[in-house]
Undergrad: 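Right, I'll just put the structure down here and ask away after.
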Amino acid sequence: MDYNFQEIEARWRKEWAEMKTYHVEADASKPKYYVLNMFPYPSGAGLHVGHPLGYIASDIYARYKRLKGYNVLNPMGYDAYGLPAEQYAIQTGQHPEVTTNANIARYREQLDKIGFSFDWDREVRTCAPDYYKWTQWAFQKMFNSFFCNACQSARPIEELTEHFEKHGTKGIQAACSEELSFSAEEWKAMTPKEQSDVLMNYRLAFMGETMVNWCPELGTVLANDEVVNGVSERGGYPVEQKKMRQWCLRVSAYSQRLLDGLDTIQWSESIKETQRNWIGRSEGTEMRFQVKGRDEHFTIFTTRADTIFGVTFMVLAPESELVGQLTTEEQREEVEAYVKYVKGRTERERMIDHKVTGVFSGSYAINPFTGEEIPVWISEYVLSGYGTGAIMAVPAHDSRDYAFARHFNLPVIPLIEGADVSEESFDAKEGIVMNSPAEGVETLAGFSLNGLTVKEAIAATKKFVTEQKLGRVKVNYRLRDAIFSRQRYWGEPFPVYYKNGVPTMVPEECLPVMLPEVADFKPTKTGEPPLGNAQVWAWDEANRCIVDKALIDEKTVFPLELFTMPGFAGSSAYYLRYMDPHNDAALISEEAAGYWKSVDLYVGGSEHATGHLIYSRFWNKFLFDLGVSKSEEPFQRLVNQGMIQGWSSFVHRVKNTNKYVSFDLLEERLSDDKKTKQYFYEGTETDPIHADISLVSGNVLNVEGMRQWRPEFSDAEFVLNVEGQYIVSQAVEKMSKSKYNVVNPDDICEKYGADTLRLYEMFLGPVEQSKPWDVAGIDGCFRFLKKAWSLFDKALEAPAAEPTKDNLKTLHKLIKKVSEDIEAFSYNTSVPAFMVAVGELQQQKCQSREVLATFAILLAPFCPHFAEEVWHRLGHDTSVCDAQWPEWNEEYMKESAVTLGVQFNGKVRFSMDFPVDATSPQMQEMAKAAPEAQKYLDGMQIVKIVAVPGRIVNFVVRPA
RNA sequence: GCCCGAAUGGUGGAAUUGGUAGACACGAGGGACUUAAAAUCCCUUGGCAGCAAUGCUGUACGGGUUCGAGUCCCGUUUCGGGCACCA
């Protein structure tokens, strides 16, 4: 009987669904294991072969763990809110929900063909009201919390108001946007609006007037991780800086915990490093500088306090509030012009050219150590969002300060012995300090750093600054608060209304606040976000319901928030919801949270390193503080699957013609910058144009198909080579619809079956690595399954037999290899092990039902349909999923004989055969053979015996 | 510029973590079966020399440690990834 994968796979697909084979419930009698994939955004293009890579890898792990006796949670869902559906809606008027549901249906159909062990009863969709209810709920909890710096934990906001009423801000240690100072009396005297504004300064979800990344093209603000190289990640549109009122999450409050947590989880070093970079902890000193001739001072942040004697100017960020205060009348006009110039530059312009620009403020600061006067400048190279927005410039030891000093002719004072600062600054934190102070300069309390190493000098300065109360030691983080509102339609609405200008939460019992219907998905004519188009979008406080906007009276009926939440809102805690997806009383029950705790294995792309994976950790830590999540970290082990790239094919069109020339007729030249290759035909340059890979076999183009494919090719001229063929050029690129290089998993399932697809994707290379999809190699995997099938087929037709020694040896070698490989996520090496094992069993004419059944269990994680089929043909009536993973036994694997050799100088050798067993007489013999060998090696001593089981034994010898 | 990571046949990639380099697969070549093709099976396949046994050489390049290095150390080159006026 042939391997009829289509029939087998269809049957088991149906069976598993009917039997709910993959349904899972919390079960205290079994250890749990939680496997999770990053849930997909269901795009209109459907799945390509790259998508399932991670799903297959994690599915293998989930199935393996289940066979090992774990209660495995392996859910799947959809990150359903997103920009493409909304943009499609704007173009076509089609409601995003309609397109999203259609896409989800398509995804589901594709996923179902690949044989995953997902528990679909637990599916979540971020756009479902019973799901986003809990996104809104978490937001409200953040709104009603602040972060206590002393206990490093979120606390109810009431604790803060109580404290304000008793003591004002005195003794408050809370994460905030801005340090405030007021007394209890002042607090009590504030209007509700004023109190609300003060509390916004502390809430974990707060409304803040901040510089945001505004993308005019998309009509919305973007988070820092959504801006790449100064343009929007999606679409690549320019992004500018704009001050706007926005909802924000105080992610920065958790900086230290986010950093510390990294040491407790098994993630790749590179992702951890990326997150450490993004958090950007830097330990330094904040120092106060007096302004000359005025009773004012300002504070700077530096990590190089030791360079205080080399400060020759100060620099303020143009956006800094200090600019207004420190600009003198004479300089005002010039400064204002400069600030205006800086505002006019986009983020991208600033990034691309680091122009040295700046202007003198007119003021001088006093060096607190020496009393020297230092001019205060303003320049865009100082960022307002980091530190205090002001720096002390030490041109000798900072390259940016150096460039500025050279440009504006400011003095450069070297402070490190032997540092040559005539051409560039000396930035390294090493060497011996000098000129600190320079000879003859008197300093505060006679302070001197001369002769110390830089590290000692930094420590000494910190100590001195603290003692003399010139400032304080301070830790700064680069991590910014996340901007949490978007000016879009297709996202979670905020459960917030504006009561006389004060943002107020819709009562928890009334959640979710459902996304309203709108007539138009575009922003309103007055520039309001799309929700401004909703007619029924006001909150009736008395009746606790959403009502028509026309009823707004500012007494009991108030306008609702028009912003929606960003993409990361719904994806930040979805892994918790999977634990208890139908609970409508809580995000998750105590029992579910206590049992499943956190994700043991998380699989997804590394592109989320600074987005989702930070927000999720933050969100989870917050819920952990609330006691909802039972684990400080959401994802214990993270595996980043690589991308599967596609081989794109190109036809070459001669410039300004409709003539396409076979690739082998072109002449290759390097471009002027010698980085890219260009191809010429008879001296004229050609442009490579994507051709659909379905029209190419090998590297030969189906010219007729090409003509029919798209109208522009129908009357094109194709110049063929001498064999009458049109050769395309090929290159590896990201798999994408627009590059016509997409391989659809459906086609592979159709032609080879899901089991072959699964096996092949794993065989292609390490899961973590990006690699191109190579169509040719899949035959090898398909052949393997056919061979394995015939092995079972033949054995089942023959009478059953006891396992032979060789059978057991092959089997146990395989058990060991596969078990170890799965644990290590090294599937690409276990596939060959299966191939070898099948070859051996075939040769042994294995007829043992027992051996074959065990083989089926081992194969089950990789090729579940196949395994299930043969498992049943072997006479089992329960699913192979409920079998038990076998243990290997070293006994069976012992080699019967090895070759013993002595090697010295690569010349002297002898050999003998003996069974491998440390206690066997033959092994003892081998030990004796060591002195025996000495007679071959006169004057040598054997220092070490290296035995490789089944291989060779080397005696390591040295002159005695 | 700074911080990671990588480099092994024609190709994807193995190598028990310091112990026979190139598993397994693809591709290529040869053969069997077949009228033929597909499918299947067998053999060869890093390079050089040789009929052969075998020998020499070989893991980006140059050094080093070691009885022994793809693996460890130092330097160089190239390619990926991340961060980037973060004081």
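Lettering of chains follows the sequences in order, A, B, ..., and the numbering in each one begins at 1.
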Undergrad: Side chain of A:Glu380: nearest nucleotide among B:A84, B:C24, B:C85?
TA: B:C85
Undergrad: Would you mind calling B:U66 syn or anti? Take O4'-C1'-N9-C4 for purines or O4'-C1'-N1-C2 for pyrimidines, and syn is within 90° of 0.
TA: anti
Undergrad: Begin with the C-alpha distance, continue with both residues' side-chain angles, and end with the deciding distance and a verdict on ring-ring contact (aromatic ring centres under 6.0 Å, His included) for A:Phe5 and A:Phe782.
TA: CA-CA 10 Å; A:Phe5 58 89; A:Phe782 188 51; 5.7 Å; yes
Undergrad: Ignoring the backbone of A:Trp278, work out which of B:G13, B:C83, B:C85 is nearest its side chain.
TA: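 Closest nucleotide to the A:Trp278 side chain: B:C83.
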Undergrad: Give the nucleotide from the list B:U40, B:G13, B:C24 with an atom nearest to the side chain of A:Arg783.
TA: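 Nearest nucleotide to the side chain: B:U40.
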Undergrad: Give a yes or no on whether the ring-centroid distance for A:Phe404 and A:Trp377 is below 6.0 angstrom.
TA: yes
Undergrad: For B:U16, give the paired nucleotide (Watson-Crick: N1-N3 plus N6-O4 or O6-N4; G-U: N1-O2 and O6-N3; both under 3.5 Å), or none.
TA: none
Undergrad: Given B:A14, B:C41, B:A87, identify the nucleotide with an atom nearest to the side chain of A:Asp398.
TA: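 Nearest to the side-chain atoms of A:Asp398, counting from C-beta on, is B:A87.
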Undergrad: OP1 or OP2 of B:C4 sitting under 4.0 Å from any side-chain N/O of A:Asn277?
TA: no
Undergrad: If you look at every strand shown and take non-hydrogen atoms under 4.0 Å, does A:Val382 touch a base, only sugar-phosphate, or nothing?
TA: base
Undergrad: Can you check the distance between B:G55 and B:A21, where both ends of the measurement are the P atom (answer in whole Å)?
TA: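 B:G55 and B:A21 have their P atoms separated by 12 Å.
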Undergrad: Does B:A7 have a Watson-Crick or wobble partner in any strand here, with both distances under 3.5 angstrom, and which is it?
TA: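 Paired with B:A7, as far as the under-3.5 Å criterion goes, is B:U77.
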Undergrad: Between B:C3, B:C83, B:A25, which one does the side chain of A:Thr610 approach most closely?
TA: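 So the side chain of A:Thr610 is nearest to B:C83.
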Undergrad: May I ask which nucleotide in the shown strands pairs with B:U45, Watson-Crick or G-U wobble, both distances under 3.5 Å?
TA: B:G27
Undergrad: As an exercise, state the distance from CZ of A:Arg304 to NZ of A:Lys429, rounded to the nearest 0.5 Å.
TA: 6.5 Å
Undergrad: Remember a base hit wins even if backbone is also touched, and classify A:Leu764 as base, sugar-phosphate or nothing at under 4.0 Å, heavy atoms.
TA: sugar-phosphate
Undergrad: Heavy atoms from C-beta onward define the side chain here; which of B:A14, B:A25, B:A84 lies closest to that of A:Phe763?
TA: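 That would be B:A25.
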Undergrad: Counting heavy atoms from C-beta on, name the nucleotide in B:G13, B:G82, B:C85 closest to the side chain of A:Thr274.
TA: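 Shortest atom-to-atom distance from the side chain points to B:G82.
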Undergrad: Rounded to whole Å, please give me the gap between CD in A:Glu424 and P in B:C2.
TA: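 After rounding, the reported distance stands at 11 Å.
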Undergrad: Name the pairing partner of B:G22, where a pair is Watson-Crick or G-U wobble with both distances under 3.5 Å, or state none.
TA: none
Undergrad: Choose from B:A87, B:A14, B:C3 the nucleotide whose nearest atom is closest to any side-chain atom of A:Ser282.
TA: B:A87
Undergrad: For A:Lys771 and B:G80, give me the distance from atom NZ to atom P, rounded to whole Å.
TA: 19 Å
Undergrad: Kindly say if A:Tyr386 contacts the phosphate of B:A87, meaning a side-chain N or O under 4.0 Å from OP1 or OP2.
TA: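 Result: yes.
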Undergrad: Nearest-Å distance, CD (A:Glu768) to P (B:C4)?
TA: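 Taking atom P of B:C4 as the reference, CD of A:Glu768 is at 20 Å.
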Undergrad: Is the charged tip of A:Arg617 near the ring of A:Trp278: under 6.0 Å from the six-membered ring centre and within 45° of its axis?
TA: no
Undergrad: Describe the nucleic acid contact of A:Pro766 in one word from base, sugar-phosphate, nothing, applying a heavy-atom distance below 4.0 Å.
TA: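 Contact class for A:Pro766: sugar-phosphate only.
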Undergrad: How is A:Arg480 classified with respect to the nucleic acid when contacts are heavy atoms under 4.0 Å: base, sugar-phosphate, or nothing?
TA: base
Undergrad: Considering just the side-chain nitrogens and oxygens of A:Lys786, establish if one lies under 4.0 Å of OP1 or OP2 belonging to B:A39.
TA: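 For A:Lys786, the contact criterion (side-chain N or O under 4.0 Å from OP1 or OP2 of B:A39) is not met.
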Undergrad: How about A:Phe862 and A:Phe834: are their ring centres within less than 6.0 Å of each other?
TA: yes
Undergrad: Using atom C1' of each nucleotide, how far apart are B:A6 and B:U16 to the nearest Å?
TA: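 One C1' to the other, the span is 23 Å.
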Undergrad: When the distance from NZ of A:Lys813 to C1' of B:A23 is rounded to whole Å, what number comes out?
TA: 12 Å
Undergrad: Whether A:Gln769 contacts B:G12 is assessed here as follows: a side-chain N or O lying under 4.0 Å from the phosphate OP1 or OP2. Is that the case?
TA: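 Checking B:G12 against A:Gln769, no side-chain N or O comes under 4.0 Å of OP1 or OP2.
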Undergrad: Could you report the tightest heavy-atom contact between A:Asp821 and A:Ser830, atom names first, then the distance?
TA: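 Closest approach of A:Asp821 to A:Ser830, heavy atoms only: OD2-N, 3.2 Å.
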Undergrad: Tell me if B:G9 is syn or anti. Syn = glycosidic torsion within 90° of 0, anti otherwise.
TA: syn
Undergrad: How close or far is atom P of B:A87 from atom OH of A:Tyr402, stated in whole angstroms?
TA: 21 Å
Undergrad: Using a 4.0 Å heavy-atom cut-off, does A:Asp779 contact any base of the nucleic acid, only the sugar-phosphate backbone, or nothing at all?
TA: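 A:Asp779: no heavy atom of the nucleic acid under 4.0 Å.
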Undergrad: By nearest atom, which of the nucleotides B:G13, B:A87, B:C24 is closest to the A:Pro832 side chain?
TA: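 Given the options B:G13, B:A87, B:C24, the side chain of A:Pro832 is closest to B:C24.
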Undergrad: Nearest nucleotide by nearest heavy atom, which residue falls closer to the 5' end of RNA chain B, A:Glu273 or A:Lys355?
TA: A:Glu273
Undergrad: Hey, does A:Arg276 reach any base, or is it just sugar-phosphate, or nothing, if we go heavy atoms under 4.0 Å?
TA: nothing
Undergrad: To the side chain of A:Thr302, which of B:C24, B:A87, B:A15 is closest?
TA: B:A87
Undergrad: Between the side chains of A:Arg276 and A:Glu273, is the shortest nitrogen-to-carboxylate-oxygen separation below 4.0 Å, so that they form an ion pair?
TA: yes
Undergrad: Work out how far the P atom of B:U59 is from that of B:G47, and round it to whole angstrom.
TA: 15 Å
Undergrad: For A:Ser425, give me all partners under side-chain hydrogen bond (donor to acceptor under 3.5 Å, both in side chains), at least two apart in sequence or on another chain.
TA: A:Asp427
Undergrad: Rounded to the nearest angstrom, tell me the gap between atom CZ in A:Phe834 and atom C1' in B:C24.
TA: 13 Å
Undergrad: Between B:G82 atom P and A:Trp267 atom CH2, what is the distance in whole Å?
TA: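 It works out to 17 Å between those atoms.
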Undergrad: Nearest-Å distance, CE (A:Met835) to C1' (B:C26)?
TA: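 The distance from CE of A:Met835 to C1' of B:C26 comes to 10 Å, rounded to the nearest Å.
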Undergrad: State the pairing partner of B:G1; accept Watson-Crick or G-U wobble contacts with both distances under 3.5 Å, and report none otherwise.
TA: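 Answer to the pairing question: B:C83, which forms a Watson-Crick or G-U pair with B:G1.
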Undergrad: Please compare A:Val831 and A:Lys817 by the position of their nearest nucleotide in RNA chain B and report the one closer to 5'.
TA: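 Between the two, 5'-proximity favours A:Lys817.
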